[in-house]
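Report on the structure given below.
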Number of protein chains: 2
Amino acid sequence: MLTKSSTEVVRQQNSALVLSALRRKGSLSHTEIAEQTGLASATISVITAELERSGTIAKTEQHVQGGRGRPRVLFAPRRDCGYVIVVRISSDIVQYSLADYGGVLLDRFEEARSQNVSGTAAFGQVFVAALERLLQRSRLDKQRVLAVSISSKGLVAGDGARLLWSPVFGREELDFATLLGEDWRARIMLSNETLLVAQALAAKAEEKGDTFKGLAAISLGHSIGLGLARTGRAGELDVSAPNFGHMLHAPSAGLCRCGSYGCIEAAAGFYGILRAAFEVPSDTIPAKFVPLAEMDKIAAGARQGQRMPGYAFRQAGIALGNGISRLLSLYEAVPIYVTGQGTRYFDLLHKGVEEGLAQSLQVRLEGLPEITVVGDEQGLVFDGHLDRALSAVDSDITAAGHA
Amino acid sequence: MLTKSSTEVVRQQNSALVLSALRRKGSLSHTEIAEQTGLASATISVITAELERSGTIAKTEQHVQGGRGRPRVLFAPRRDCGYVIVVRISSDIVQYSLADYGGVLLDRFEEARSQNVSGTAAFGQVFVAALERLLQRSRLDKQRVLAVSISSKGLVAGDGARLLWSPVFGREELDFATLLGEDWRARIMLSNETLLVAQALAAKAEEKGDTFKGLAAISLGHSIGLGLARTGRAGELDVSAPNFGHMLHAPSAGLCRCGSYGCIEAAAGFYGILRAAFEVPSDTIPAKFVPLAEMDKIAAGARQGQRMPGYAFRQAGIALGNGISRLLSLYEAVPIYVTGQGTRYFDLLHKGVEEGLAQSLQVRLEGLPEITVVGDEQGLVFDGHLDRALSAVDSDITAAGHA
DNA sequence: ATTTATTTTCTCGACTGTCGAGAAAAAAGC
DNA sequence: GCTTTTTTCTCGACAGTCGAGAAAATAAAT
């Protein structure tokens, strides 16, 4: 079912286009905006005037330029137009960040997640209090926050801000929208962590200009995450975080901490590798936490040619390879980016991955997918947060229009 | 990267909206169109006038009506506005159909696919000749055909009309666009068969009005097909046919006719079931063709409680269940529709399917997906063809506009 | 037979949007 | 100070949608 269109929709779309160009490039002149967007100069005048009047963008006074002729005046998003809060929930800490509309980090603090205080109710209180604290530290009114972007590992409901399953809270559902309630005017967004990695990588790839079609980001660590970015037919970016880590690999992978048997994570997550390396029965309840040092030791053993550690990493690689082959069967061919702490063992996983990939028709037809290891996962997650939150704010602004 | 919009785009979109409403309902009056589309009466006048002038729609003279007041005049697509050719390629026959712009079947014939004449080159000649014959039989000029919609089992390239892999031609690629060359002005479309089933079912579901989110169609037979339909964020229908049948199930499934090991099809396709039932080694090269009677015999055995036939169907069910669980992990939850010849054994498969599904976290969280068996696969495929081809033609018409 | 009521369709003017061309602005070079 | 060059702004033309009311076409009432 299509939906009707009108001149207002046109304006909205073109305003969004201008705003997103401005956001990407930081600041642009009238003529540069016209070049970037393909819109006529006259149209740019109208749109910039409107955005300026609403306080979304402003002329920057500095016009550094050597050439002759009338100097260009640059437009840029007004940093004080609004603010976004970014919350990264990881297994051990929760990081709260405040950034302005220009994407500049203003404040940040972290809180350890005390292991004993569990349950969503307790966490909710801590969470709300931390947001208040973040505001107080910068003497910022709650109303000036336009988006709160939260990330966690786990499964997020497609529609809103509901965490369906997470390594931290298990099946206890957590709805951030109702948690924050009515007094926040901000848009509440919850995203899977690896989705944000995919978002950040996709944004970077689009920046480069080479026709971007899609990519998959896989995060290796205690758990396994997947983020998928694709461009829809309208050219818009579509990112999602399917439940890759707990997709069925093979029953032999053993008990997963989600309670099922045979998840990819049960073979390729840190605890799975640990279990296999030490020949612990595969139906043993998985370790809650595996110190990196422990994993390093197993890896060292594997690199020295020890049998079981090597076997463990190879099995993990096969689980990943099989999973990726299934991913490629069900989606189009996309380049794969691997990130997370587990990438330091990628030399050990690599062979298993290729082995696991090679088994399927899809790979035989299209060849092995391009696999790239990228570092700084946390930085990418934050970039993804900003990209996603600020685009959402932008579209809210253009949607509001002159209403 | 978004794209700029303009008033012409608005008109195009709204014209398409009117045309699609007209196509869905068959014929509508001015006021009914306004109700359906939400457009203002004045806009309807302009758009219908333009479509009428271009010969796409026409007023039907019959205005049966009992009420008082000025009688409604109905608009309907002009059946002679153009024609579409539908070709269904199956393993044994090729069916050629001609329909008009109103979706009415005008002519149809079938040709047996002689098993000895293999190779894409030979088939290409037969194919082109058959299309010419179809035109001659109805004394129709080639230029009046606006779309040729072809379907086959197998893997279709996302962009155009290239068959990448098929049970019939294997890895021999077949590009229908170049095959038909320049002298056809028609749009050449190639779709996976089960994709069309999904398209037809989705169209029916949208018709019903209950907010349609998506569905998956699975075709059971000698091979296993998947069609996936989802509504994008713009409300448009997005259908695809991922490579489900040859997605990796488990190495134990044995050799598949695609040449890989462990495909779903190798366990759940007819030849896989046959192989398991007769305890043929699983690396045996699969049977080219399994008569239904043969399958019926195995099924009868299974229903009488014979061990190996029962085991074969159960393993097939598990392969399907596992595959569906992976599908649900990587996409959102969607209702499943099962179709194809294999549905007659669904009583035998059913338990295995549930068993295979129950293993994953996704299913534990969201419960078993709704699974419905639907008959008349060939009818659905044809409906899907028409829906897809005529929508494509519609969008070509509105895109051309007054150019 | 004529008038009235009712429903549908068409038409007109207002409004919003984009676009191209040329005017106005603002600096550098002479 | 004048010209050249580049950028930005402005104006009129054109395309599209919308709401209101006019026009059309029929059934019912007088």
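Proteins come first, then strands; the chains are lettered A, B, ... in the order of their sequence lines, and each starts at number 1.
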Any side-chain N or O of B:Thr43 below 4.0 angstrom from OP1/OP2 of D:dC18?
yes
Establish, with yes or no, whether the OP1 or OP2 oxygen of D:dC18 is under 4.0 angstrom from a side-chain nitrogen or oxygen of A:Lys4.
yes
Partners of [X] by side chain to side chain contact (heavy atoms under 4.5 Å, CB included), sequence neighbours excluded?
| X | answer |
| --- | --- |
| A:Lys204 | A:Leu380, A:Asp383 |
| A:Asp141 | A:Gln143, A:Arg144 |
| A:Ala186 | A:Val145, A:Val148, A:Trp184 |

d([atom1], [X]; [atom2], [N]) in whole Å:
| X | N | atom1 | atom2 | result |
| --- | --- | --- | --- | --- |
| B:Leu17 | D:dC18 | CG | P | 11 Å |
| B:Asn14 | D:dA15 | CG | P | 17 Å |
| B:Arg11 | D:dC14 | CZ | C1' | 13 Å |
| B:Gln13 | D:dA15 | CD | C1' | 16 Å |
| B:Ile44 | D:dG16 | CD1 | P | 15 Å |
| B:Glu8 | D:dT17 | CD | C1' | 14 Å |

By ring pair (Phe, Tyr, Trp, His ring centres under 6.0 Å) - contacts of A:Phe212 (at least two apart)
none
Ring pair (Phe, Tyr, Trp, His ring centres under 6.0 Å) filter on B:Phe382, not counting sequence neighbours, yields none
Among residues at least two apart in sequence or on other chains, which ones pass side chain to side chain donor-acceptor pair (under 3.5 Å) with A:Arg230?
none
Report the residues that fulfil side chain to side chain donor-acceptor pair (under 3.5 Å) with B:Arg233, sequence neighbours left out, ordered by chain and then residue number.
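Partners of B:Arg233 under the side chain to side chain donor-acceptor pair (under 3.5 Å) test: A:Asp238.
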With sequence neighbours excluded, what pairs up with B:Glu207 under the salt bridge (Lys or Arg N to Asp or Glu O under 4.0 Å) test?
B:Arg24
Under the rule for salt bridge (Lys or Arg N to Asp or Glu O under 4.0 Å), what residues qualify as partners of B:Glu332, not counting sequence neighbours?
none
With salt bridge (Lys or Arg N to Asp or Glu O under 4.0 Å) as the criterion, how do A:Arg72 and A:Glu32 come out once you've worked through the C-alpha distance, each side chain's angles and the decisive distance to 0.1 Å?
CA-CA 9 Å; A:Arg72 304 182 160 185; A:Glu32 286 167 326; 3.3 Å; yes
Angle by which the axis turns from one end of the helix from C:dA1-D:dT30 to C:dC30-D:dG1 to the other, five pairs per end, to 10 degrees
30°
Pull out every protein N or O sitting under 3.5 Å from an N or O of nucleotides 2-5 of chain C, one pair per line with the distance.
| from | atom 1 | to | atom 2 | distance (Å) |
| --- | --- | --- | --- | --- |
| C:dA5 | O4' | B:Arg68 | NH2 | 3.4 |

From A:Thr60 atom OG1 to A:Leu74 atom CG, the distance as rounded to the nearest 0.5 Å
4.0 Å
Report, one pair per line, the protein and nucleotides 8-11 of chain D atoms (nitrogen or oxygen only) whose separation is under 3.5 Å.
| from | atom 1 | to | atom 2 | distance (Å) |
| --- | --- | --- | --- | --- |
| D:dT8 | OP1 | A:Val73 | N | 3.0 |
| D:dT8 | OP2 | A:Thr31 | N | 3.0 |
| D:dT8 | OP2 | A:Thr31 | OG1 | 2.9 |
| D:dC9 | OP2 | A:His30 | ND1 | 3.4 |
| D:dC9 | N4 | A:Ser41 | OG | 3.3 |

Considering every strand and a 4.0 Å limit on heavy-atom distances, what is the contact class for A:Leu39: base, sugar-phosphate, or nothing?
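Answer is sugar-phosphate: A:Leu39 comes under 4.0 Å of backbone atoms only.
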